[in-house]
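Whatever order the structure lists them in is the order used to number ligands and atoms, beginning at 1.
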Amino acid sequence: MIIAIDGPAASGKGTLARRLADVLNLRHMDTGALYRGCAFEVLQAKGDPSNEQDALKGCKKLKEKIQSTPDLNIILGNPELRNDKVGNAASKLASISSVRETLKSIQIDFSCQEKKGFNGVILDGRDIGTVICPNAHIKFYVEADLETRAKRRLKELQSRGLDVTYNAVFAQMRERDDRDTQRDTAPLRAAEDAIVINTSDFTEDEVLEKALAYAKKVRGL
Ligand code: C5P
């Protein structure tokens, strides 16, 4: 079984994906972490994430690291990938189609590999239901209004001791939303057959309940 989850930053898609993975016993891939991983390599090499050659070098480095590590989650779980500088750089290189092609194969491989003991996979990102897994059995599009998302991100960054303001977080998030929705290749949008969940007024438990109720209805899970 394949579940695809898409949505903008801080919409709650990652939390929902992790919780569904736990409840339904699925392997999970946070595909944003691939783009962040690539951006991290570019920034480490003092490159420009908007420059195709620099971005492709970053992809190559990331792929080499992935190939030499048995557990992908060690690389994608690096806490240094979580800051907004890396997120912003990720959204710049994510609009380069050759970069998307390179990272696509990693995501497709992950979605196709059957692993003993698991019921399937769940991937979250921006183009999972539309490009990476258009035949996913269940697709969710998770959204929330920009103010709510900026407040969530501010809280998260402050809890990590970072000195940030609401206005700066809001502006950066709007800039990233614009880039992600307006790019030519694989722009962020809901797949036609995705179920849309707006998380603005719901707790994480309520969002999980809604998603599980839907999964039960369509797949009998
Ligand atoms: O989800 P996250 O905020 O970690 O993603 C970082 C950036 O990576 C996004 O702003 C987006 O530009 C890009 N991305 C993408 N396609 C995906 C996942 C992430 O373009 N499937």
Open item on the list: Between D205 and R19 (salt bridge meaning N to carboxylate O under 4.0 Å), is one present in this structure?
Closed with: yes
TODO: Flag the pair R149 and D177 as a salt bridge only when some basic side-chain nitrogen lies within less than 4.0 angstrom of an acidic carboxylate oxygen.
DONE: yes
Task: Nearest-contact summary for atom 8 (O) of ligand 1 - protein heavy atom, Å - done: Y35 CB, 3.4 Å
TODO: Under 4.0 Å from a heavy atom of A94: give me the atoms of ligand 1 that qualify, with their elements.
DONE: 12 (O), 13 (C), 20 (O)
Open item on the list: Which residue and atom name correspond to the protein heavy atom nearest atom 3 (O) of ligand 1, and how close is it?
Closed with: R176 NH1, 3.0 Å
- [ ] Just do the side chain to side chain donor-acceptor pair (under 3.5 Å) check on R126 and Y35 with the steps written out, would you?
- [x] CA-CA 11 Å; R126 302 290 190 289; Y35 289 87; over 6 Å; no
Task: NZ/NE/NH1/NH2 to OD/OE distance under 4.0 Å, R153 and E156 - done: yes
Task: Protein contact to atom 4 (O) of ligand 1 [nearest heavy atom, distance to 0.1 Å] - done: R36 NE, 2.6 Å
Open item on the list: One residue to check: R183. Relative to ligand 1, which of side chain, backbone, both or neither has a non-hydrogen atom less than 4.0 Å away?
Closed with: side chain
- [ ] Between K92, R100, K13, flag the one that comes closest to atom 16 (N) of ligand 1 by a heavy atom.
- [x] R100
TODO: Tell me which one of R179, R126, E175 gets a heavy atom nearest to atom 17 (C) of ligand 1.
DONE: R126
Task: Min N/O separation D30 to ligand 1 under 3.5 Å - done: no
- [ ] Check the hydrophobic clustering (I, L, V, M, F, W, Y; side-chain heavy atoms under 4.5 Å; chains of links allowed) and say if I66 and I132 are grouped together.
- [x] yes
Open item on the list: Distance under 4.0 Å to a non-hydrogen atom of D180: what atoms of ligand 1 satisfy this?
Closed with: 9 (C), 10 (O), 11 (C), 12 (O)
TODO: Let me see the working for M29 and L72 under side-chain contact (heavy atoms from CB on, under 4.5 Å), right down to the final yes or no.
DONE: CA-CA 9 Å; M29 179 183 262; L72 185 67; 3.2 Å; yes
Task: Cation-pi geometry met for K13 and F140 (6.0 Å, 45°) - done: no
Open item on the list: For the 3.5 Å polar cut-off, considering only N or O atoms, please tell me whether Q107 and ligand 1 meet it.
Closed with: no
